[in-house]
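Notes for the one structure printed next.
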Amino acid sequence: MASHHSDLTDGRCSMRGSCGPKGLFGKPLPCPYDGPAYEPDDKTRSLLASVCGEELADGPICCNSDQLEVLRDNLNEAEALITSCPACRNNFRSFFCHFTCSPDQASFVNITSTQISSTGQTAVQSLDFVVAEPHGKGFFNSCKDVKVGATNGYAMDLIGDGAKDYLTFLRSMGQEKPLGSPFQINFPSSVPQGMVAFDKPPRNCADSDLSSRCACVDCPQICPTLPDLPTLGNTCHVGALSCLSFTLILAYSLCLVAFLAGFSVQTALRRSEERKYGRLALAPDTTSDTPLSPRSHSRDLVGASSLARYLDGEQSSHSTTGPRNVGRGVTLLDPLDSVQPRQYRLSVKLRRAFYQLGLFTASSPFATFAIMFTLMGLLTLGWVRFSVETDPVRLWVAPDSESKVQKDFFDQNFGPFYQPQQIFVTSVATEERGLSTTKKPVLSWDHLEFWFSVEADIRSLRSSPNGYSLSDVCFRPAGPNGACVFQSITAWFGNDIENTSPDTWADRVQHCGHSPVDCLPDFQQPLLPKYILGGVPGDNYLEAEALVVNIIISNSLDTEVQEIAVEWERELANYLAQLKELAPEAGLQISYSTGISLEEEINKSTNMDVKIVVLSYLAMFFYVALTLGAGYSGRDEEGVLASLRRWAVNFPHLFSPSSSSALSVDSRNAPHIFPRLPRKLFIGSKFTLGLFGIALVILSVASSVGLFSALGIKVTLIIAEVIPFLVLAVGVDNVFILVHELDRQNLLHGPNASVPEQNIPPYPTPIPPAFRHSQFDSSHADSIDAASLPLYLPPEERVARTLAKMGPSIMLSSFTETLAFALGALVPMPAVRNFALYAAGSVFLNALLQVTVFVSAMVLDLRRTEAGRMDCFPCIQISARIQLPESTPHGSGPGTLARLIRKYYAPFILRPVIKSAVILIFGAFFVISVISVQHIELGLDERLALPSDSYLVQYFDDMDTYLNVGPPVYFVSHDIDVTRRRGQQALCARFTTCDDFSVANTLEAERKRPAVSYISDPSASWIDDFLTWLNPNADCCRVRKRNPDVFCSPRDSSRLCQPCWAGKTPPYNITMEGFPEGEEFIRYLKQWLVSPTNEDCPIGGQASYGSAISLNQAQDNVVATHFRTFFDPLKTQADFINAFDAAHRIADDMSQRTGASVFPYSLFFVFFDQYAHIVSITQQVLGLGLASVLMVTAVFLGSWRTGTIVTAVVALTVVNVMGVMGLWGVSLNAISLVNLVISLGIAVEFCAHVARAFMNSGPGVALDNPIGQERDERMSAALVDVGPSVLSGITFTKLIGMSVLALTRSKLLEIYYFRMWFSLIIAGALHGLILLPVILSLAGGPGFPMQEADEEWMTTAIRSGYEYTPFLADDTSVQSD
């Protein structure tokens, strides 16, 4: 290449003058000139001083006026971007002024090639500009942190292509391009021989002089340091464990060691005692032919020793204590208060009330049906106001929450947040070696062509039926006549495929990726690669894995405008749904979300898995139907399998010649064509009763929906999905409890109860009654005799007694559950609150129906059974079969579960060693749970609320993978007068008198610590850009020369206009002295807000800040303003929650320091507001719930001690459920909080029946035995009494119903309902049937045995497995005993 460089001499030039542009359009090129510098004329000198200042004001120069005009225009393009930082601005001007005009230009500039311009002159094509490293670094450092608020970016992104070092910065400025230098400027890294590097000392932004000093926001060196934040979370650790975990483990270990040591010592002492006394003979007076039974005691009840003779195989001795007659026909043993147990008045009244209720409902079943069904029918009238809430904000955000109030304020003052329509485009995944799938880069010429056609279709879409297009609904930052914001890679090509070709598209992508300012879209805002490309490895944009497309739709509070946008969005959603099916043909796949997608998908009817609901109900129904009839008290019959086996054996005899003459003793052995199935299969079945109980569950849910719909409380789909499961699981429990107790009553007082017992020594025959007698007619023991308590009772009386005994337990559990569910309404989230109310109403109404309508159904079913009528077909009556002499009453003893509990489980669990082991094991569960609770995360992944087959699931996955931009966040300031200097200084950052911790300065300081602030981008400070707009150097604010009160438009000639601040006293400066205030401030502000944002004035307010400032109705004062910035990309729920907390912390700090009211706003804040208070709400609701459980159980059970134990066990159950949450990946949110409250209520059900049976059980041993043995007997009796109901009626029913939820397609149901409720059922059963009996047997309160003595005796005999109904003793029976 030719060189025009001559030998180095001072005062020589390398170029001078303008030789025309390269083409028809473009900037003029300099002319090569190898000659001395010259003295300019006065006009040129004046122009030089105005452009370059005083540095080259004297002496010769190497440029003429034409070059200076071109230089001025070029410098003005960057002026508005960097004028806020004097050091950067002056270094920038000095750099190019010396490059163009320095008299020693030839010493550091060498022209390396020339070209012929459009005017036919020889012009510079390329040159070398030798810059010393100190100057290059200083220049770069003075500009690298200068912010451009309008773009939330840096000036370096626009003037230096985002350079990270000075060499890249210089090369970017020297690169030949249309919007940059018209010729190539190279910057050699080494100094060529014979040249001297340009090394003028650069200005530093931290210098004290006003011509260099920059504000903190542009110069980090001078920024004050924010105080360190206190460390959040658990800071106390011992190794990897928190101090709490370490303390619990240590305490538990010490308890375990102490227990093992104590057990070892006790064992050793016992063995020592056995060896010491093992050879001693019994004293003569203690010997007997028959050892004493543990049940025969000198002060036991009459008849106990005789019962023990057959229970234990031992002969009891006679009582040595004389009897005491306490009434006619009743003889009890001394002391009187031992056998005349305490009565709990509330329990007596409740039993009496439920007895009367049961007697009425059983005696008048059809009247009960009429009354209750009429009441339920009235409640269901509320369905006329039935409506489903679908708006996600109204579903998941409390109307009075802080974030909702702030959102409303933001929407009213700045307009609602725009509606983004986002599309991710990736290549179709390919499988490699059958092991994994990978995606190739998405960019190719074919893919670009396809996507250009897609965007053309989107721009031309017309909605139905009104034909709205994108131009009718899009967001236009430059005003109604501006371009729509359509962020896509196509914008780099001017939205036209004709602007590129298969050979040039790749270079264009690389160039635009590195220099977005050269590829401005039609809406004139630089498109950085992070907005439109995803999965980019480094800076190789051609290897991007995804295209990101954002179509911004305007939003409005006007419902008519909203409907227009929704109509077009629906059309777009339909188009994209079709495109999703067709895209794979082009080798692409897309995922997308429109403004209406989330609401529609969340509320999709497919989210409710109807099959799962039906399957759950069927499983529950069959279980109920098959197990309810297990207590049928018919004669001894073979089972179904035995009958089929007998029929199969005898069937061949039907065809044997000898069979007809053979006389069978047992008719069952006679051959038959069809098998003779057992009668109980048809009569004892309770299919109809079970179906009726499930129908009552459905009716209670329907009535609850009607009630709350009438009250204006809307239904949500969660209510529709979950409450039927919940009420079914809760309601069936009471069905089992009632039916099991009725079976017991039938055993004692049914038709088969009076049949003489076999193989039992003769006893005085009880006198059967001839009349019905209420067990609550008298509460005085001395009025009771054998005749006053009948052996046989009619069905109505048995049903009344059933409800009398179990009604208080049902009331206790149902009341506690209803209260616990109602406490869920304290959670402010509407969806959760409504769920809690509907659940509480459903459970209450279901319990009401069960103690009324279901009791009536029970008596009808009982009449059917005793009449021998077939279940499901009661018109068919099956006659009784002939009873063989040796047959015995079937079911005349406790059931299989009860026998197992009495014989094995109760003795095992009540052994002292086992009690200690149980406490240790559950203590370990508690420690593990508390450790796990500390690892529960907060949040609710929005994907879980969607149907598993929703297209949004893939969209959210792609967003996590490819989106490199976090959500915008706005810091809104109000209640501050920005028209006064003090208010301006509280907000601004670019001027020396701004507060050190102003809003803008604080945001910039927080940006520098993103680990705790989550802020990634510089803030858009309207106050700084507005006041910079007034700077005469920016040449943005202009007024007429002849009339300064009139503003110039961008089209007005510069000859007619002058800068707004020209000639002002004091002149424009960075101290803010003389800046406008009051009415003058408002006047300039209103003009700035309508000034276009373009290349001539990039800090104009129209596009960037048109919606950032809210004026009052009179337009004479500022109501509120906002500062926009962006979060880091937020990927996890923890990121969103931490960003929410950080933004509020920052806003609170700014409010405290500036005196303004500042709050943060981002689109997702309303959904994450709950997590600011979720932990405290959880503590309050659970604490209040446990307090309620304590009050209710203590009052209903009549013992604070027992109530406290029940409450503690319930609390341990809830803690265990929370521990499982931490292990099973269940986060804490409003849904799981309600489930914890539900867990609290249902855990009571596992405990309430056992505790009440314990309190109402009389001991089976002497009352003067040690109190521990007395509690053991009561606990054993309670387990035998209600243990089978708790296990089969509560645990199994819930387990079956909830297990079906594991099959659901909804991840929300699977995680937050199946996992939590499954854990609850297991934990509740373990605590209610293992831990609670152990603790009650150790520390339970004194009991209140049943009112009626005979009822207690009969119950005791049944529990003990003795197949004879005991009776009240008289004097004769005492002698016989």
Side-chain angles (χ1 to χ4, degrees), residues 248 252 729-730 733 737 809 812-813 816-817 820 901 905-906 908-910 914-933 1182 1185-1186 1188-1190 1192-1194 1197 1201-1224 1235-1255 1271 1275-1276 1278-1279 1282-1295 1298 1315-1341:
L248 287 173
Y252 177 77
V730 172
D733 305 343
I737 290 170
S809 289
L812 170 60
S813 60
T816 309
E817 287 168 348
I901 291 174
Y905 179 71
F908 175 78
I909 200 70
L910 296 176
I914 300 302
K915 290 181 184 180
S916 301
V918 165
I919 293 176
L920 286 175
I921 291 172
F922 279 87
F925 288 164
F926 172 74
V927 172
I928 294 172
S929 297
V930 172
I931 295 174
S932 177
V933 165
L1182 292 182
L1186 289 173
S1188 302
V1189 170
L1190 176 61
V1192 172
T1193 53
L1197 296 177
R1201 189 193 306 172
T1202 304
T1204 302
I1205 291 173
V1206 171
T1207 305
V1209 172
V1210 169
L1212 289 174
T1213 303
V1214 176
V1215 170
N1216 281 171
V1217 172
M1218 296 179 69
V1220 175
M1221 287 173 60
L1223 295 174
W1224 212 348
N1235 279 332
L1236 287 175
V1237 176
I1238 291 174
S1239 300
L1240 188 147
I1242 293 181
V1244 175
E1245 191 169 10
F1246 284 99
C1247 301
H1249 302 294
V1250 175
R1252 189 171 184 278
F1254 171 79
M1255 293 299 296
R1271 290 198 189 98
M1275 193 68 255
S1276 177
L1279 286 174
V1282 299
S1285 296
V1286 173
L1287 190 61
S1288 63
I1290 297 179
T1291 305
F1292 291 160
T1293 54
K1294 286 180 170 61
L1295 201 58
M1298 291 304 107
R1315 293 184 185 182
M1316 290 194 68
W1317 288 2
F1318 182 82
S1319 305
L1320 165 65
I1321 294 166
I1322 301 301
L1326 292 177
H1327 283 77
L1329 293 175
I1330 298 178
L1331 182 62
L1332 180 64
V1334 167
I1335 298 180
L1336 286 177
S1337 69
L1338 294 173

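Worth knowing before you read on, the calculation uses all heavy atoms, side chains too, and leaves out hydrogens, waters and symmetry mates.
- Within the structure, salt bridge (charged side-chain N to carboxylate O under 4.0 Å, His left out) contacts touching residues 1315-1339 (residues at least two apart or in different chains) are Glu1310-Arg1315.
- Looking at residues two or more places apart in sequence or on another chain, you find a side chain to side chain contact (heavy atoms under 4.5 Å, CB included) between Leu1326 and Phe922, Ile1322, Ile1330.
- For the atom pair Ile1290 CD1 and His1249 NE2, the distance stands at 4.0 Å (nearest 0.5 Å).
- Residues satisfying the side chain to side chain donor-acceptor pair (under 3.5 Å) criterion with Thr1202, sequence neighbours excluded, are Ser1199.
- Under the ring-ring contact (aromatic ring centres under 6.0 Å, His included) criterion, Tyr905 pairs with no residue at all, not counting sequence neighbours.
- Counting only residues at least two apart or on different chains, the side chain to side chain donor-acceptor pair (under 3.5 Å) pairs with a member in residues 1282-1292 are His740-Ser1285.
- Partners of Ile914 by side chain to side chain contact (heavy atoms under 4.5 Å, CB included), not counting sequence neighbours, listed by chain and number: Phe908, Ile909, Arg911, Val918.
- If you take OH on Tyr252 and CG on Leu920, they are separated by 5.0 Å, rounding to the nearest 0.5 Å.
- His1327 pairs by the side chain to side chain donor-acceptor pair (under 3.5 Å) definition with Asn1216, not counting sequence neighbours.
- Partners of Thr1207 according to the side chain to side chain contact (heavy atoms under 4.5 Å, CB included) rule, which considers only residues two or more places apart in sequence or in another chain, are Leu1186, Val1189, Leu1190, Thr1193.
- For Val933, the side chain to side chain contact (heavy atoms under 4.5 Å, CB included) partners are Ile936, Met1218, not counting sequence neighbours.
- Taking OG of Ser1337 as the start and CG of Leu1332 as the end, the distance is 9.5 Å to the nearest 0.5 Å.
- Taking the side chain as every heavy atom from C-beta outward, Ser1276 and Leu910 approach each other to under 4.5 Å.
- Not a single side chain to side chain donor-acceptor pair (under 3.5 Å) links Glu817 to another residue, sequence neighbours left out.
- Evaluation of the salt bridge (charged side-chain N to carboxylate O under 4.0 Å, His left out) test over residues 1235-1250, restricted to residues two or more places apart or in two chains, returns Glu1245-Lys1294.
- In this structure, OG1 in Thr816 is found 12.0 Å from CD1 in Ile1242, a value given to the nearest 0.5 Å.
- Looking at Met1316 and Ile1238, their side chains never come closer than 4.5 Å, going by heavy atoms from C-beta outward.
- Remark: Leu1320 CG to Phe1246 CZ distance equals 6.0 Å, nearest 0.5 Å.
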